[in-house]
Every structure is written in C-alpha cells, then in structure tokens.
Amino acid sequence: MRYLTARSITRPLLRITKAAEQIAAGNLDKRVGTADFIEIEEINTLERSFDSMARQLKESFETLKDIAFLSNMRYYLA
C-alpha cells in the first residue's frame, strides 16, 4: 500500500518535472495532463495549474512575436 501511495505522488511529479524541462528547452506545446490510477486532488490541481501556465506562456510568446513583427513592418514601411 505504501508503494502505491508513494508512486501516486512521485509519478505525476516526475511528469511535471519532465514537462518543465521541455518547456525550458523551448517546447512550449508540452502539457502534463492527468493520467493516474489513484488521483490525489492536490496533484491534479498542480497538473492543471502547470498546463494553464504553459498555455499562458505560449500565448505570451506568440503575442510578443506578433508585436515584434508589426514593429518591424512599420519600420520598413515608413
């Protein structure tokens, strides 16, 4: 029983860690999702929050790219 409890905590944390590493490496499409046999509310909340943060980060980068592109276009058209 202890093994299952420990595993139900460490497995999702390892997924979150790996996803964070991939996002840090530039893969802004990486998400954690939830796929556990034993669900722990706090872990699920952490996974959802992580995925939400990753989506917001990607949207922010896309907005910054759009702003930079428009700024460059304005410079070349002026």
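These numbers come from the heavy atoms of this one structure, side chains and all, not from hydrogens, waters or symmetry mates.
Among all heavy-atom pairs drawn from Ala20 and Phe50, the shortest one is N-CZ, 3.5 Å. Shown here for Val32 and Glu47, the closest heavy-atom pair between the two residues is CG1-CG, 3.8 Å. For the residue pair Asp51 and Gly33, the shortest heavy atom distance occurs at OD2-N, 2.9 Å. Summarising the geometry of Ile9 relative to Leu13, their closest heavy-atom pair is O-CG, 3.2 Å, with the distance given to 0.1 Å.
For the pair Lys30 and Lys18, the minimum side-chain heavy-atom distance is 4.5 Å or more. Considering only heavy atoms from C-beta on, Leu46 stays 4.5 Å or farther from Pro12 through its side chain. With a 4.5 Å cut-off on side-chain heavy atoms, Arg48 and Thr45 count as touching.
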Can you list, pair by pair, the side-chain donor-acceptor contacts under 3.5 Å of residues 55-72, counting residues two or more places apart and other chains?
{"residue": "Lys58", "atom": "NZ", "partner": "Asp29", "partner atom": "OD1", "Å": "2.3"}
{"residue": "Ser60", "atom": "OG", "partner": "Gln56", "partner atom": "O", "Å": "3.0"}
{"residue": "Thr63", "atom": "OG1", "partner": "Glu59", "partner atom": "O", "Å": "3.0"}
{"residue": "Asn72", "atom": "ND2", "partner": "Ala68", "partner atom": "O", "Å": "3.4"}

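Between the CE atom of Met53 and the CZ atom of Arg31 there is a distance of 9.5 Å, given to the nearest 0.5 Å.
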